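Nothing here was measured: the structure is a model prediction, and the numbers come from that model.
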Amino acid sequence: MFQVGEVIPYFKMCSEEGINLQRGMNYRLGGRTSIILMSVRLGSPYADRIENNGRVLIYEGHDIPQKKGGPNPKTENQTMFNPSGSLTQNGLFYQAANNFKNMNNEAELVKVYEKVRDGIWVYNGIFKLIDAWQEESNTRIVFKFKLELTNEAINTEDTSFDNIEHNRIIPTSVKLEVWKRDKGRCVICGSKDNLHFDHIIPYSKGGSSLVAKNIQLLCIRHNLEKRDRIV
Ligand SMILES: [Zn+2]
């Protein structure tokens, strides 16, 4: 299980999940916990955003698949159903959100990974899917999903300090700024392995997630050492 804010190579993310993650939306793939991959970089294909001071993620649904000679997926409505009549990933997540809203089900728990740059992913934590809707965007219809960061654990051993402490999403722009400033290395020892986006002043002690000056890169060893000092 990854820590919230941990930097991971793509292959490690896939081996943790036991699947080759290709798509942005993965509803209970193979009976597993649902997974969403986000990417909010400039020029990125989907318009995700972070709200409520880092507690809420608004995730945009996925486009129709690109077909040779077919229409540009970016100009077509996002769809609820596949041509076969089965639900698309949009449809599956939409249905889960509605079941929660109608109080038929507990909120779907969703693990969220974020691509910060090529080959570098960050684990953003476990979210509850609490709402979904369709809206107009550039003359087409897209899906929007509202996910709220939760401290709930999926695995019993996953009740770590981090889930309580780092319970805010660090915006991608801040992550990128910190990554460049710290040159992709632990600020203490220079290690490039097992890095973690660390709040210099912990969130629980009033430190912000939204400014680069309160975020730094630490390796796992220095992250644990710091954690032991604070607790
Ligand atoms: Zn270090």
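We find that Glu108 and Lys128 are not joined by a salt bridge, their nearest charged nitrogen and carboxylate oxygen being 4.0 Å or further apart. Residues Glu16 and Lys12 are not paired through a salt bridge, judged by the lack of any N-O separation under 4.0 Å between the basic side chain and the carboxylate. Under a 4.0 Å N-O distance rule, the pair Glu135/Lys146 does not qualify as a salt bridge.
One distance of note links OG of Ser208 with NE2 of His199; it measures 7.0 Å at 0.5 Å rounding. In this structure, the separation between CD1 on Ile35 and CZ on Arg23 is 11.0 Å, given to the nearest 0.5 Å. Here the CD atom belonging to Gln216 is positioned 11.0 Å from the NE2 atom belonging to His222, to the nearest 0.5 angstrom. In this structure, the separation between NE2 on His196 and NZ on Lys226 is 10.0 Å, given to the nearest 0.5 Å. A distance of 9.0 Å separates CZ in Arg140 from CD in Glu76, rounded to the nearest 0.5 Å.
Taking a 4.5 Å side-chain heavy-atom cut-off between Ile, Leu, Val, Met, Phe, Trp and Tyr, the cluster of Ile130 extends to Phe100. Hydrophobic cluster of Ile201: no remaining members, since no ILVMFWY side chain lies below 4.5 Å from it.
Between Tyr27 and Phe93, the ring-plane angle classifies as perpendicular under the 30° and 60° cut-offs. Under the 30°/60° scheme for interplanar angles, the aromatic rings of Tyr123 and Phe2 are found to be tilted.
Residue Asn138 places its CG atom among 12 or fewer non-hydrogen atoms of other residues, nucleotides or ligands, all under 6.0 Å distant.
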Tyr59 vs Val110, side-chain contact (heavy atoms from CB on, under 4.5 Å): CA-CA, chis, key distance, verdict: CA-CA 12 Å; Tyr59 184 82; Val110 182; over 6 Å; no
